[in-house]
Amino acid sequence: MIGCESMLEFMLAILANALDGSTTLHTTKIDRNMERLRQYDWFEEEYQDDLYHRLFFANRHVRKYLQHNRRVN
């Protein structure tokens with residue numbers, strides 16, 4: 001369960017990303033690449049950890065990295 005502080009950080013990250021003004025991210029590519037990475041135990045452990053899990057969805061820099069197939073490979 002996410003605490004109040006964590007929820008506030010999460011909401012601020014979403015707001016900061018929304019106000020960023022940079023180009024649109026390709027959600028389909030990101031989701032596909034995350035599914036590929038989740039096949040690896042090391043990634044699945046990070047994905048299940050609440051501290052990092054929200055970064056995959058709220059942090060624009062992480063999502064921008066995950067949208068590139070070459071980097072994920």
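In this text the structure is predicted, and so the values were computed from the model without any measurement.
Remark: H53 pairs with Y47, F57 by the ring pair (Phe, Tyr, Trp, His ring centres under 6.0 Å) rule, at least two apart or across chains. In this view, Q48 and E44 satisfy the side-chain hydrogen bond (donor to acceptor under 3.5 Å, both in side chains) rule, not counting sequence neighbours. Annotation: side-chain hydrogen bond (donor to acceptor under 3.5 Å, both in side chains) contacts of N73 (sequence neighbours excluded): R36. Judged as a salt bridge (charged side-chain N to carboxylate O under 4.0 Å, His left out), and not counting sequence neighbours, the contacts of E35 are R38. With sequence neighbours excluded, the residues that form a side chain to side chain contact (heavy atoms under 4.5 Å, CB included) with T27 are D31, R63. R70 meets the side chain to side chain contact (heavy atoms under 4.5 Å, CB included) test with no other residue; sequence neighbours excluded. With sequence neighbours excluded, no residue forms a side-chain hydrogen bond (donor to acceptor under 3.5 Å, both in side chains) with D49.
Closest non-hydrogen pair, L66 versus M34, comes out as CD1-CG, 3.7 Å. Contact between L51 and R54 at its shortest, heavy atoms only, is O-NE, 3.8 Å.
Each of L25, V72, V62 was scored for a side-chain contact (heavy atoms from CB on, under 4.5 Å) with I30, with one residue passing: L25.
Proximity of a side-chain donor or acceptor of Q67 to a complementary backbone N or O of H26 within less than 3.5 Å is detected.
No path of Ile, Leu, Val, Met, Phe, Trp and Tyr side chains, each step under 4.5 Å between heavy atoms, connects Y65 with Y52, placing them in separate hydrophobic clusters.
Of the inter-residue distances, the one linking F43 atom CZ with N33 atom CG reads 9.5 Å to the nearest 0.5 angstrom.
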